[in-house]
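Each remark here refers to the structure printed beneath this line.
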Number of protein chains: 4
Amino acid sequence: MAKTPIKQRKEPKQARSKATVNAILEAAAHILVKDGYGAFNTNHVAQKAGVSIGSLYQYFPNKESLIAALSLSHVTQIRDSLSDIEFSPDMKLETFVQLVVKNHIKLHRINPKLHHILTKEVSAYGALNHQQVLSDEIQEKLYWMMKYHTETAKLKNPQLILFMIMNSVEAITHTAMSSKMEYLDSPLFEAELVRLVLGFLSEAERDPTNTEPFIPPENPVTKNSK
Amino acid sequence: MAKTPIKQRKEPKQARSKATVNAILEAAAHILVKDGYGAFNTNHVAQKAGVSIGSLYQYFPNKESLIAALSLSHVTQIRDSLSDIEFSPDMKLETFVQLVVKNHIKLHRINPKLHHILTKEVSAYGALNHQQVLSDEIQEKLYWMMKYHTETAKLKNPQLILFMIMNSVEAITHTAMSSKMEYLDSPLFEAELVRLVLGFLSEAERDPTNTEPFIPPENPVTKNSK
Amino acid sequence: MAKTPIKQRKEPKQARSKATVNAILEAAAHILVKDGYGAFNTNHVAQKAGVSIGSLYQYFPNKESLIAALSLSHVTQIRDSLSDIEFSPDMKLETFVQLVVKNHIKLHRINPKLHHILTKEVSAYGALNHQQVLSDEIQEKLYWMMKYHTETAKLKNPQLILFMIMNSVEAITHTAMSSKMEYLDSPLFEAELVRLVLGFLSEAERDPTNTEPFIPPENPVTKNSK
Amino acid sequence: MAKTPIKQRKEPKQARSKATVNAILEAAAHILVKDGYGAFNTNHVAQKAGVSIGSLYQYFPNKESLIAALSLSHVTQIRDSLSDIEFSPDMKLETFVQLVVKNHIKLHRINPKLHHILTKEVSAYGALNHQQVLSDEIQEKLYWMMKYHTETAKLKNPQLILFMIMNSVEAITHTAMSSKMEYLDSPLFEAELVRLVLGFLSEAERDPTNTEPFIPPENPVTKNSK
DNA sequence: GATGAATGAGAGTTCATTCAT
DNA sequence: CATGAATGAACTCTCATTCAT
């Protein structure tokens with residue numbers, strides 16, 4: 001199950017190598033999107049990339065690593081596309097939730113088919129669970145937000161609430177992408193998503209005895225982020 | 001993609017053959033759950049079932065049909081387990097939502113690992129999209145509820161709201177099952193899920209001009225139910 | 001290649017057995033004609049015959065014997081259909097040739113598709129070479145004819161001439177059956193076939209020194225006929 | 001029945017691969033000739049060729065294509081061997097018929113067992129019907145001959161006569177090859193074959209009203225030739 | 001480095017045949 | 001005798017991976 005090497009065999013230093021790697025990754029993404037994981041085999045990828053199968057194995061020690069690299073590249077694309085969005089701790093909670101929702105919708109527009117396959121179909125085959133990684137960042141920020149919004153901070157069960165919010169937003173956006181693309185463009189969709197989150201948060205039960213400002217005991221959220 | 005025969009090749013008539021089919025299905029489920037779809041191959045299944053490969057193909061014309069049979073059997077189990085739950089149109093909306101949520105949690109307890117693989121990993125390979133089928137039934141009932149609760153009936157965008165509720169409940173329950181099993185037993189979890197739905201519904205925008213009591217235009221919801 | 005038993009395992013003595021054997025043979029013929037030898041397998045035959053596979057093996061020890069029985073049955077049918085044709089040694093040569101040709105055309109009308117498959121496609125698989133058997137009978141009679149027509153008897157190379165005549169008549173009729181069915185009904189076709197044979201015979205070179213009245217040295221012709 | 005790809009999957013570029021393809025084809029021919037189509041399976045062929053099964057499938061997409069390639073190669077051999085024979089319209093009819101007969105005998109000497117299997121046993125499995133193709137060429141030339149030999153041109157039923165001649169020559173030669181190899185070398189055999197054809201042609205019925213010099217109505221003969 | 005020919009374990013599937021019921 | 005469940009050798013074909021050139 002757990003083969004050994006997942007990372008790339010060799011860092012391409014020359015321009016030509018970089019071009020080869022790119023061609024391979026693009027071909028891989030193309031095949032995955034067009035024909036699904038069932039048609040995804042290394043020979044096919046190499047051929048589509050216009051590269052010999054030997055060259056493919058020069059840069060990727062095995063099939064799994066190809067998927068991993070593809071995932072990484074996809075995640076990187078997403079991160080880059082989100083880099084211009086600035087969270088700041090002193091914004092209003094509503095504004096922040098709006099940003100989170102907007103983000104989620106935005107990142108689901110980036111190669112959605114590939115995103116779907118990478119997260120659902122081949123999640124076992126060496127794909128980094130980038131969905132988790134990204135959520136973690138946002139979750140972390142949501143925690144920070146809560147820290148600064150004291151009235152929110154005293155929620156009775158912040159972990160559970162976070163869990164529910166993240167999953168709702170993710171699932172709703174993801175399903176919309178898969179089967180209701182028209183929703184993604186509708187401002188109403190976005191507004192309702194925000195309303196769902198805020199409604200849930202605003203009526204959440206408080207715990208007056210809870211004065212501790214939300215440093216989670218064994219915080220799983222920060223473990224993946226710098 | 002869509003081969004022809006998905007159903008079983010032959011109905012077992014003698015007791016012996018029934019046992020064989022059962023052994024095969026059990027072995028198939030076991031392998032799927034334990035090792036995932038990657039290790040799921042017909043020879044392996046036959047061997048685990050203590051049955052010759054020929055016998056397997058006597059009852060299942062191909063690999064896909066095995067998955068399909070497994071799905072059907074799983075769905076049947078779920079339906080049977082839900083049969084005792086009675087929806088009635090004149091119950092309170094809150095009660096109804098509680099029932100929906102309880103249902104969802106309950107059905108996610110039935111062989112959750114298999115459920116996960118069947119719905120996510122191999123959904124393409126001939127598995128009935130039973131999640132959808134089940135959801136449809138519940139969605140239909142939610143529609144009926146809305147018909148009788150007039151103040152709810154005047155929601156501005158019932159389709160969208162339904163979409164969001166269904167996806168939230170499903171995703172939250174599903175993810176809890178996959179990675180937060182402890183949530184499933186917690187009454188707080190259930191309560192919060194109900195609160196999420198009710199909060200969202202109660203604050204939903206009304207459309208005063210909308211007097212039509214929710215007969216969906218081209219109702220995709222009823223197409224699967226009697 | 002040459003398995004052991006070709007004949008049937010057991011002679012059906014009771015009426016029911018006979019019916020079973022018939023059903024099997026009919027199903028076999030039907031499948032062979034409709035789908036070719038590629039689709040001809042014992043389970044399929046048994047099913048089509050409405051008989052269990054076990055019963056099939058009660059009467060036919062293996063697949064080959066089925067083909068053999070089919071061949072025999074086909075040959076028998078042909079023989080029966082030819083039984084009314086009477087050769088007599090004192091008829092004119094021309095009349096005799098006309099009879100031979102008529103015969104050949106007639107026997108090629110009996111289940112031609114089966115005939116074709118049995119003689120060409122599966123000739124190796126235990127099918128009696130009934131074509132040869134039948135030809136032999138006719139060849140023998142042609143020999144007898146020659147005995148009584150002294151001027152013909154002195155042919156220089158009767159064996160070769162016989163060979164050529166038999167093959168021409170057979171091939172022309174067989175091909176007509178396969179691809180020019182309309183020829184089989186045309187009287188011109190028959191007439192021309194007769195003319196081909198007679199023309200060839202009448203201009204054949206004589207051997208004045210040959211006074212021996214046609215007892216072939218090592219007569220391969222009589223070995224199969226009593 | 002009619003799958004898609006019959007031709008080779010990949011053209012061998014390097015010397016090594018050409019050798020592989022050759023080894024495979026030779027092994028295939030060898031097995032076919034020695035053990036018949038029943039023993040012809042891809043693993044066996046690969047093994048006999050001293051090549052891995054994977055290599056076989058690198059060059060031949062399926063079993064059928066192997067047969068097809070074998071047929072093509074056989075036909076090519078035959079064509080090459082016949083290329084030195086020149087037909088000319090102004091030769092005597094007798095000379096021409098002698099040439100046709102000589103041709104037929106000659107081409108039946110080229111790997112006769114393979115020829116037999118390819119034309120009879122596996123004709124359905126993707127083998128080009130090269131026998132037909134070749135005959136067509138000769139038939140076309142016979143037609144041309146008739147055009148220039150006016151007294152012959154006025155035959156009452158040239159199509160039928162052609163049909164009979166071609167089938168006689170083919171069948172006699174083919175059967176001689178299968179079971180009377182000694183005939184093939186005898187000059188008498190060839191002479192008698194010529195006499196059969198010429199006798200049949202010379203006594204053919206004329207049609208005085210037929211002045212049209214043999215342009216066949218729907219000429220099936222020319223359809224395969226340029 | 002790049003190429004692509006070669007490999008072979010292994011997957012899906014068929015079907016002649018046996019034998020317990 | 002009849003049934004049909006069970007068997008498993010055999011067959012076609014795929015694809016991740018290696019390695020000589």
Side-chain angles (χ1 to χ4, degrees), chain A residues 3 10 12 14 16-17 20 38-47 51-66, chain B residues 9-10 12-21 39-47 50-64 66, chain C residues 3 10 12 14 16-17 20 38-47 51-66, chain D residues 9-10 12-21 39-47 50-64 66:
Chain A
K3 295 256 195 73
K10 166 190 297 186
Q14 299 167 7
R16 186 149 65 118
S17 308
T20 300
F40 184 82
N41 65 270
T42 53
N43 286 294
H44 192 178
V45 169
Q47 191 199 42
V51 150
S52 75
I53 182 65
S55 290
L56 188 152
Y57 275 88
Q58 192 92 37
Y59 294 109
F60 301 93
N62 51 41
K63 199 185 178 186
E64 241 181 300
S65 70
L66 237 183
Chain B
R9 178 179 272 176
K10 178 194 273 185
K13 279 168 193 166
Q14 302 181 0
R16 184 158 56 128
S17 55
K18 237 172 233 164
T20 300
V21 167
F40 184 82
N41 65 267
T42 53
N43 284 300
H44 192 174
V45 169
Q47 192 196 36
V51 149
S52 77
I53 183 64
S55 287
L56 189 153
Y57 276 92
Q58 194 116 49
Y59 299 105
F60 303 93
N62 50 44
K63 199 184 175 184
E64 241 182 299
L66 241 183
Chain C
K3 294 255 195 74
K10 167 188 292 186
Q14 300 167 6
R16 185 150 64 117
S17 307
T20 301
F40 184 83
N41 65 271
T42 52
N43 286 294
H44 192 177
V45 169
Q47 192 199 42
V51 151
S52 76
I53 181 67
S55 291
L56 190 152
Y57 275 88
Q58 192 94 36
Y59 294 109
F60 301 94
N62 52 42
K63 199 187 178 184
E64 238 181 301
S65 69
L66 236 186
Chain D
R9 179 178 272 176
K10 178 194 272 185
K13 279 167 194 168
Q14 301 181 1
R16 184 157 58 128
S17 55
K18 237 171 235 165
T20 300
V21 168
F40 184 83
N41 65 268
T42 52
N43 283 302
H44 193 177
V45 170
Q47 192 196 33
V51 149
S52 76
I53 182 64
S55 288
L56 190 153
Y57 276 91
Q58 194 117 49
Y59 298 106
F60 302 94
N62 51 42
K63 200 185 174 183
E64 240 182 300
L66 240 183

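In what follows, every heavy atom counts, from backbone to side chain, and hydrogens, waters and symmetry copies are set aside.
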Whole-Å distance between E:dT13 C1' and D:Lys63 NZ?
14 Å
Could you give the distance from CG (A:Leu66) to OH (A:Tyr59), rounded to the nearest 0.5 Å?
13.5 Å
Measuring to OP1 and OP2 of E:dT14, would you say a side-chain N or O of B:Tyr57 lies under 4.0 angstrom away?
no
Could you write out DNA chain F as a dot-bracket string, with dots for unpaired bases, | for bases paired across to another strand, and Watson-Crick or G-U pairs counted at under 3.5 Å?
.||||||||||||||||||||
In whole angstrom, give the distance that lies between atom OH of A:Tyr59 and atom C1' of E:dT3.
13 Å
With A:Ser55 via side-chain contact (heavy atoms from CB on, under 4.5 Å) - residues at least two apart:
A:Val51, A:Ser52
Atom pair distance, as rounded to whole Å: CG in D:Asn43 and C1' in E:dA9
12 Å
Of D:Val21, D:Thr20, D:Val45, the residue whose pairing with D:Leu56 passes side chain to side chain contact (heavy atoms under 4.5 Å, CB included)
D:Val45
Separation of atom CG in B:Leu56 from atom P in E:dG12, rounded to whole Å:
10 Å
Whichever of D:Phe40 and A:Ala39 has the more 5' nearest nucleotide on DNA chain F, that residue is D:Phe40
Spacing between D:His44 atom NE2 and F:dC11 atom P, to the nearest angstrom
9 Å
Without decimals, in angstroms, what is the distance between A:Ile53 CD1 and F:dC15 C1'?
9 Å
More 5' along DNA chain E: D:Val51 or A:Thr20, using each one's nearest nucleotide?
A:Thr20
Taking every heavy atom of A:Lys63 against every heavy atom of A:Thr42, the minimum-distance pair comes out as CG-CG2, 4.0 Å
Among F:dA5, F:dG4, E:dA2, which nucleotide sits nearest the side chain of C:Ser52?
F:dG4
Rounded to whole angstrom units, what separation is found between the CZ atom of D:Phe60 and the P atom of F:dT14?
15 Å
Pick the closest DNA chain F nucleotide for D:Thr42 and for C:Ser55 by heavy atoms, then say which residue is nearer the 5' end.
C:Ser55
Atom-to-atom span, CD of C:Glu64 to P of E:dT17 - whole angstrom:
9 Å
For D:Asn62 and D:Tyr57 the tightest heavy-atom approach is CA-CE2, 3.9 Å
Would you say the side chain of D:Asn41 and the base of F:dA10 hold a donor-acceptor pair, judged only by whether the two atoms sit under 3.5 Å apart?
no
